[in-house]
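Below you'll find the structure, written out as C-alpha cells, and then a few comments.
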Amino acid sequence: MDRLRAKCFLGLFGVLLAACGGEERDNFLEPAATYESAAVCRDVADESAAGAREFQVYPWLDSIGPSGNALAVSETAVWIVESGSNTVRRFDKATGQSQAQFIDVGNERNPYGIFVDEASAEVLITNFAANTLSVVSAETGEVLEEIADASLKNPSGVVATKDFIYVTNVHYLGTAQGYGPGSVTILDRKTREVLGNVPTAHKNPQYITLLDTVDGARIVISNGGAVRLGSGGVVAESDGSLELWEEGEDPLQPAVEVYSIEQLVEESVGVPGRAEITSDGRSIYVMSGIAPGLLKLDLVEKRWVYGAERPLRLYEAEGDTTHSIAMGADDLLYITSFNQDALYVLDTSCDEILIGPVDLGTTGNMLEGPQSIALDFRSEAQGDFTDVYFLMSISNVLGKVAVSAKQ
C-alpha cells in the first residue's frame, strides 16, 4: 500500500489494522533523538518571533489499539481514539501508564472525533459508522448515553460550548455516490436534546474547532469538499471553505461568515483540515489534506493570504500530504507530514520553517503515518515547555516530542 493511498483510506474509511503488541516503554524516559533549531525570523523588533528551540523525540511512549484516529489532551491525560477497536485509551501524562479500553463505545461504532471537558467530567465521541454521539464519564469511562438522530450522518467533529454541542456530519455515501450535503447537528448541552440541523456551505465538514478570533469566540468548520482517489492520488471534486460561526440566542441561526477556498483552481492542493489560530486572533491556518502545504486566512483583511492557488509550501513534492496541525502558545505551528513520518514547525510571526523534517518514525523506513497531534503546555522553574503528542496509525504507536527554549 503506497503512502498516499494509505492516508486516504485512513482518513475517509477507517481501515482496521492490526495493533503492535507489548507494553514496554523503553523510550519513555530517554529521547531517541534530539534536534536543535535557531531563530528564523530576522525582524528583531518582532518580539513574537521564536528563538532557538530543542526538540527531544520520544518515538514510543505506548502501543495503542488499531487505527488510532484522534487525540485530546486534558490536564492529567492524553485520550486516544482507537477506531479499529471501538475504544478510547487513557494515557497518564505523569506516570506514562495507560488504561487500555478505558472507554468502549460498543461494536461497529468506528469512533472518530473526541471532545474532553474536564470541568463537567464528560467526554463526547462521534461514532462515524453508527451515526451516533456517545456521552461518556471522564472519571469512570462509562458510556452515559448514546444519542441517535436522523440528522447524524457519519458524524466526524465535535465541540461543546457552555450551552450547546455541535457535531459535524460528513455524510459519506460510498465510493460510487460520493458525498451528500454536509451539515452540523446542534444539541442542548444540559438536556442533550437534538435541537436541529444546519447545512454547511460546502460538502465534507470533517473538522470543527473553537477559536478566539479578533471578533471574539468563534466556531470554525472546515469544509473539505468532495474528494476522490484517482490514478494520480487524491484530488478535490468540489470547492471547500472555512465557516466561522458566532453563537447567538438561537443556536440554529448563528451568524456565519464563509471563506471559500475555490480549490478546483488547483485540485490537488485544497481540502482544508483542522483550523488553528495565532495568539492575536488574527490569522487562521489550515493544512491542505492532499498536499504538503498550508492555507492562511487573514481575519482582519478578510482574505486568503495563502490559498489553494498559492499555498505556503513546506517542501516540494508530488502526491505527499500533511495530516494534522496544532498551534503552540508561542505561535509555533506544529505540522505532521504523513508521507515522511515527520514533524515540521513553522514560526507564524514570519511564516518561515523553524525546523523540519524531524523524524518521528519508530520502525526504520516503514510507513507509519502520523495521523493526529495534540499539544500540552506546561511551565517549570527552568522554563516553558511544550509536549507534542502524536499518533502513528499504521504502526499503532503513541509518541511525543518535548520542545523547550534553549537557554
Side-chain angles (χ1 to χ4, degrees), residues 4 7 11 37 40-41 48-50 204 206-207 209 211 213 220-225 227 233-236 239-244 259-328 330-358 360 370-375 388 390:
L4 186 61
K7 182 267 173 187
S37 70
V40 293
C41 298
S48 66
N204 191 13
Q206 188 172 358
Y207 299 96
T209 47
L211 299 177
T213 74
V220 182
I221 301 163
S222 301
N223 298 315
V227 296
V234 181
V235 296
D239 279 331
S241 62
L242 284 190
E243 291 187 43
L244 275 63
Y259 296 92
S260 296
I261 292 175
E262 299 181 353
Q263 59 202 26
L264 293 181
V265 174
E266 181 59 57
E267 63 178 11
S268 61
V269 173
V271 188
R274 187 178 305 281
E276 294 287 354
I277 196 165
T278 51
S279 59
D280 60 9
R282 172 172 179 149
S283 298
I284 291 180
Y285 291 80
V286 294
M287 67 182 185
S288 169
I290 57 175
L294 296 168
L295 313 177
K296 177 182 179 181
L297 178 67
D298 188 315
L299 291 176
V300 176
E301 298 182 3
K302 308 293 185 182
R303 67 181 181 89
W304 288 103
V305 179
Y306 298 106
E309 73 287 354
R310 192 176 72 91
L312 177 58
R313 291 277 183 178
L314 295 180
Y315 56 90
E316 294 298 328
E318 294 294 331
D320 277 15
T321 179
T322 56
H323 205 93
S324 187
I325 64 173
M327 184 74 74
D330 49 8
D331 281 339
L332 292 181
L333 185 67
Y334 297 85
I335 310 141
T336 56
S337 170
F338 188 88
N339 297 77
Q340 294 183 336
D341 293 343
L343 179 74
Y344 285 79
V345 183
L346 182 82
D347 189 336
T348 61
S349 64
C350 62
D351 287 340
E352 295 288 340
I353 298 294
L354 184 70
I355 194 170
V358 172
L360 303 179
Q371 176 87 355
S372 183
I373 55 174
L375 304 187
V388 185
F390 60 87

Of all residues at least two apart in sequence or in a different chain, which pass the ring-ring contact (aromatic ring centres under 6.0 Å, His included) check with Tyr344? Tyr315
Could I get the full list of side-chain hydrogen bond (donor to acceptor under 3.5 Å, both in side chains) partners for Thr278, not counting sequence neighbours? Asp280
With sequence neighbours left out, the residues meeting side-chain hydrogen bond (donor to acceptor under 3.5 Å, both in side chains) with Ser260 are none
Minimum heavy-atom separation for [X] to [Y], with atom names?
X      : Y      : result
Val271 : Ala236 : CG2-CB, 4.2 Å
Ile261 : Ala308 : CG2-CB, 3.9 Å
Ile284 : Ala275 : CG2-CB, 3.9 Å
Ile373 : Ala326 : CD1-N, 3.9 Å
Gly270 : Ile290 : O-CG1, 3.6 Å

Counting N and O atoms only, with roles assigned by atom type, does the side chain of Ser222 sit under 3.5 Å from a partner on the main chain of Gly273, one being a donor and the other an acceptor? yes
Would you say the side-chain atoms of Thr336 pair up with the backbone N or O of Ser324, donor to acceptor, closer than 3.5 Å? yes
One pair to check against side chain to side chain contact (heavy atoms under 4.5 Å, CB included): Arg310 and Trp304. What are the steps and the verdict? CA-CA 10 Å; Arg310 192 176 72 91; Trp304 288 103; over 6 Å; no
Going by the salt bridge (charged side-chain N to carboxylate O under 4.0 Å, His left out) test, which pairs reach into residues 268-277, not counting sequence neighbours? none
When you check the side-chain N and O atoms of Asn223 and Glu243, is any donor under 3.5 Å from an acceptor? yes
Will you find, in the side chains of Asp331 and Ser279, an N or O donor that is under 3.5 Å from an N or O acceptor? yes
Gln263 pairs by side-chain contact (heavy atoms from CB on, under 4.5 Å) with which of Pro272, Ser241, Pro311? Pro272
Would you mind telling me which of Pro292, Pro357, Pro370 makes a side-chain contact (heavy atoms from CB on, under 4.5 Å) with Gln340? Pro357
Measuring from Leu346:CG to Leu333:CG, what's the distance to the nearest 0.5 Å? 5.5 Å
Which distance, rounded to the nearest 0.5 Å, do you find between the CD1 of Ile335 and the CG of Leu312? 7.5 Å
List in chain and number order the residues that pass side chain to side chain contact (heavy atoms under 4.5 Å, CB included) with Glu352, two or more places apart in sequence or in another chain; answer none if no residue qualifies. Val40, Cys350
Is any side-chain heavy atom of Asp347 closer than 4.5 Å to a side-chain heavy atom of Leu332? yes
If you define the side chain from C-beta out and look only at heavy atoms, does anything of Phe390 sit under 4.5 Å from Leu343? no
Should Met327 and Ile277 be marked as a side chain to side chain contact (heavy atoms under 4.5 Å, CB included) after you check the CA-CA gap, both sets of side-chain angles, and the distance that decides it? CA-CA 7 Å; Met327 184 74 74; Ile277 196 165; 5.9 Å; no
Could you list the donor-acceptor pairs under 3.5 angstrom formed by side chains in residues 294-301, with sequence neighbours left out?
{"residue": "Lys296", "atom": "NZ", "partner": "Tyr285", "partner atom": "OH", "Å": "3.3"}
{"residue": "Lys296", "atom": "NZ", "partner": "Asp351", "partner atom": "OD2", "Å": "2.8"}
{"residue": "Asp298", "atom": "OD1", "partner": "Arg282", "partner atom": "NE", "Å": "3.3"}
{"residue": "Asp298", "atom": "OD1", "partner": "Val300", "partner atom": "N", "Å": "2.9"}
{"residue": "Asp298", "atom": "OD1", "partner": "Glu301", "partner atom": "N", "Å": "2.9"}
{"residue": "Asp298", "atom": "OD2", "partner": "Arg282", "partner atom": "NE", "Å": "3.1"}
{"residue": "Asp298", "atom": "OD2", "partner": "Arg282", "partner atom": "NH2", "Å": "2.9"}
{"residue": "Glu301", "atom": "OE1", "partner": "Arg303", "partner atom": "NE", "Å": "2.4"}
{"residue": "Glu301", "atom": "OE1", "partner": "Arg303", "partner atom": "NH2", "Å": "3.1"}

